[in-house]
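First the structure, then my questions, so here it is.
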Amino acid sequence: MQNAGIAALGLDWRYLAFEVHPDNLRAAIEGAKQMKFVGVNLTVPHKLLAMGMVDALDDSAKIWGAVNTIRFEPCDGGEIRAVGFNTDADAITRAIREDLGTELRGAKVVLLGAGGAGRVAALKLAAENVAELFLVNRTVSKAEALTAEILTGHPKVSVKAAYPTGSVDLVLNATSLGLKKDDALPLDAKKFSLKQARAVYDMIYRPAETPLLKSAKAAGCRVANGLSMLLFQGAKALEIWTGKPAPIDAMRAALEKNVYGS
Ligand code: ATR
């Protein structure tokens with residue numbers, strides 16, 4: 001995806017993957033800086049660790065408490081500094097808007113999952129001024145703790161650690177249920193019917209159609225999987241490095257080819 005984007009922009013850059021042990025992350029970031037890398041992306045578990053290893057944090061990293069993108073930039077005196085960004089949270093809402101056409105302001109949303117991804121999604125949805133948020137998680141205490149966190153920061157949003165009654169605009173899956181073909185649905189069909197939902201977004205993108213998306217389609221919902229989240233967080237990173245709009249179509253085509261082989 002990134003190399004396709006880089007090529008479409010006509011840049012003489014390369015995007016490469018390196019496996020780095022968490023114990024060596026600081027040395028790897030310093031090495032990349034000294035070798036004059038333009039930037040790096042980081043994934044789990046480095047996103048949290050890198051918060052304390054960059055020279056400056058963009059607001060996006062401060063808000064979400066994680067760094068998935070670093071830009072190395074020249075500063076006074078010829079020094080180079082590492083600036084940490086987070087492009088994951090914005091990608092969630094952009095993906096929902098573009099893939100499903102769901103307007104989040106004022107929406108009624110069921111969020112499945114209160115782990116790392118679920119927490120960021122819930123806080124981002126609250127920041128987008130959804131009207132009502134229903135948090136569902138296997139470990140109920142985590143959904144309750146997240147409910148309290150959202151109520152503190154976003155008192156205007158109605159948040160409940162429960163299933164809704166009536167219809168909702170969106171169901172968003174942020175659990176890992178669905179990664180395996182024979183996984184159960186991440187919701188309790190006795191407490192909530194997918195017929196109550198207008199649209200369903202699953203953060204999982206492999207398999208392309210999770211049991212949740214299959215059931216949602218059968219129930220008549222608009223559906224989308226998490227590939228667009230992956231695309232948009234990467235596109236934003238490329239924009240941070242280049243200062244130019246990302247060539248989305250070229251990046252999407254490369255991503256689909258690499259993930260699905262078509
Ligand atoms: P991530 O960073 O991807 O969010 P995580 O923090 O481990 O990973 O969160 C995984 C999410 O999937 C959690 O909401 C988890 O529920 P618990 O908080 O109860 O652990 C959910 N999950 C994982 N396996 C599950 C299962 N078999 N049934 C229901 N929920 C599950």
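Indexing begins at 1, ligand by ligand and atom by atom, following the structure's order. All heavy atoms count here, side chains included; hydrogens, waters and symmetry mates do not. Everything numeric in this text was worked out from a predicted model, so none of it was measured.
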Worksheet item: How about Y205 and S228: does a side-chain donor come under 3.5 Å of a side-chain acceptor?
Response: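 Not at all, the side chains of Y205 and S228 share no donor-acceptor pair under 3.5 Å.
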Worksheet entry | ligand 1 atoms in contact with G113 (distance to a heavy atom under 4.0 Å) |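 The list of qualifying atoms is 14 (O).
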Practice prompt. Would you give the length of the straight line joining atom CZ of R119 to atom CD1 of I150, rounded to the nearest 0.5 angstrom?
Written response: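 Going from the CZ atom of R119 to the CD1 atom of I150 covers 9.0 Å.
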Worksheet item: Is the closest protein non-hydrogen atom to atom 7 (O) of ligand 1 under 4.0 Å?
Response: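 No, no protein heavy atom sits under 4.0 Å from atom 7 (O) of ligand 1.
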Worksheet item: Have N41 and Y15 got a donor and an acceptor in their side chains that come within less than 3.5 Å?
Response: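 Result is yes, a qualifying pair exists.
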Worksheet item: With only distance considered, is G118 within less than 3.5 Å of ligand 1 through an N or O on each side?
Response: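 It does not: no N or O of G118 is found under 3.5 Å from an N or O of ligand 1.
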Discussion item. Heavy-atom distances under 4.0 Å decide this one: backbone, side chain, both or neither, for D183 against ligand 1?
Written reply: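 It is neither part, as no heavy atom is under 4.0 Å.
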Item to complete: Would you mind telling me if ligand 1 is within reach of the side chain of N137, the backbone, both or neither, using heavy atoms under 4.0 Å?
Response: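 Looking at N137 and ligand 1, just side chain atoms fall under 4.0 Å.
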Worksheet item: Of the options V110, L104, V200, which is the one that meets L170 in a side-chain contact (heavy atoms from CB on, under 4.5 Å)?
Response: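 With L170 as partner, side-chain contact (heavy atoms from CB on, under 4.5 Å) holds for just one option, L104.
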Worksheet item: Heavy-atom contacts under 4.0 Å between A114 and ligand 1: side chain, backbone, both, or neither?
Response: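 Answer for A114: backbone.
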Worksheet item: Hey, are R105 and E128 close enough for a salt bridge, meaning a charged N less than 4.0 Å from a carboxylate O?
Response: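 No, R105 and E128 are not salt-bridged.
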Discussion item. What I want to know is whether L177 and ligand 1 share at least one N or O pair that is separated by under 3.5 angstrom.
Written reply: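 So ligand 1 has no N or O lying under 3.5 Å from an N or O of L177.
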Worksheet item: In terms of residue, atom name and distance, what is the protein heavy atom nearest to atom 21 (C) of ligand 1?
Response: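 Result: T175 CB, 3.7 Å.
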Discussion item. Whether the N225 and D202 side chains hold a donor-acceptor pair (N or O, under 3.5 Å, no angle test) is what I'd like checked.
Written reply: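 Looking only at side-chain atoms, D202 and N225 do not form any donor-acceptor pair under 3.5 Å.
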Worksheet item: Hey, any chance V157 and L146 share a hydrophobic cluster, counting ILVMFWY side chains that come within less than 4.5 Å of each other, even indirectly?
Response: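 Looking at the clustering, L146 is in the same group as V157.
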Worksheet item: Do F134 and L112 sit in the same hydrophobic cluster, where Ile, Leu, Val, Met, Phe, Trp and Tyr count as joined when their side-chain heavy atoms come under 4.5 Å apart?
Response: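 Yes, same cluster.
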Practice prompt. Return a yes/no value for S176: is any of its N or O atoms, backbone included, closer than 3.5 angstrom to an N or O of ligand 1?
Written response: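 Among all N and O atoms of S176, at least one is under 3.5 Å from an N or O of ligand 1.
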Worksheet item: With atoms numbered from 1 as shown, which atoms in ligand 1 lie under 4.0 angstrom from a non-hydrogen atom of K142?
Response: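 So the atoms of ligand 1 that pass are 17 (P), 18 (O), 20 (O).
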Worksheet entry | Identity of the nearest option to atom 5 (P) of ligand 1, non-hydrogen atoms only, from A121, S141, G116 |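 The nearest heavy atom belongs to G116.
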Discussion item. For atom 19 (O) of ligand 1, which of the options T139, L135, V44, L111 provides the nearest non-hydrogen atom?
Written reply: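 Checking each option, the heavy atom nearest atom 19 (O) of ligand 1 is found in T139.
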Practice prompt. Select the closest option to atom 26 (C) of ligand 1 among M203, R138, R119, K47, judged by heavy-atom distance.
Written response: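 It is R138 that holds the nearest heavy atom.
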Discussion item. Out of A174, A117, A143, who is nearest to atom 4 (O) of ligand 1 when you count heavy atoms only?
Written reply: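 Minimum heavy-atom distance to atom 4 (O) of ligand 1 goes to A117.
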Item to complete: Please write down residue, atom name and distance for the protein heavy atom closest to atom 9 (O) of ligand 1.
Response: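 Checked against all protein heavy atoms, atom 9 (O) of ligand 1 sits closest to G115 CA, 3.5 Å.
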Practice prompt. Indicate yes or no: does D88 engage K124 in a salt bridge with an N to O separation below 4.0 Å.
Written response: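 Between K124 and D88 there is no salt bridge, as every charged N stays at least 4.0 Å from the carboxylate O atoms.
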Fill in: Residue that, paired with V109, satisfies side-chain contact (heavy atoms from CB on, under 4.5 Å) out of I96, L125, D169
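Result for side-chain contact (heavy atoms from CB on, under 4.5 Å) with V109: L125.
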